[in-house]
Amino acid sequence: RPFFGSSPPGRDRHEIEAHPDTGALLKGRRLEGSLEGIKIALSAHPKLCPGVPLVGWDVALTDDGPLLLEGNFSMNLFRPQSFDAAE
């Protein structure tokens, strides 16, 4: 069940079905490399900011694999995004 850009259950639903810049359809597509991207963020957190409880990690899924872009220390806690990782 891959999904991209979803508010958590019980919150106002904000679903993104297409990429905002390219128009490429996202809904129903598997995001190849997403599980590896999650692993990179989980590995980076204790190494780069061990004393920080929450960081929003930006990970790009590239042709060469996932790439950690940045950590956001003041991310939006009121409208988090989530997706189910493709395996």
| message | With side-chain hydrogen bond (donor to acceptor under 3.5 Å, both in side chains) as the rule and sequence neighbours excluded, what pairs involving residues 44-55 come up? | response |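 As it turns out, the side-chain hydrogen bond (donor to acceptor under 3.5 Å, both in side chains) pairs with a partner in residues 44-55, which skip direct neighbours, are S43-K47, H45-W57.
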| query | Which of these passes side chain to side chain contact (heavy atoms under 4.5 Å, CB included) with P66: I40, L35, I38? | reply |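 Answer after filtering I40, L35, I38: I40.
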| Hey, what do you get for CD (E17) to CZ (R29), rounding to the nearest 0.5 Å? |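 E17 atom CD to R29 atom CZ measures 13.5 Å (nearest 0.5 Å).
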| query | To the nearest 0.5 Å, how far apart are CD in E36 and CG in L61? | reply |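 Reported to 0.5 Å precision, the distance equals 9.0 Å.
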| Under the side chain to side chain contact (heavy atoms under 4.5 Å, CB included) test, which residues partner L69, sequence neighbours left out? |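 Result, side chain to side chain contact (heavy atoms under 4.5 Å, CB included) vs L69: D58, A60, L67.
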| request: Determine the minimum heavy-atom distance between A18 and L26, stating which atoms define it. | output: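 Taking A18 first and L26 second, the nearest heavy atoms are C-CD1, 3.9 Å.
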| field | Closest heavy-atom pair and its distance - G71, V55 | value |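 Residues G71 and V55, closest heavy atoms: CA-CG1, 3.7 Å.
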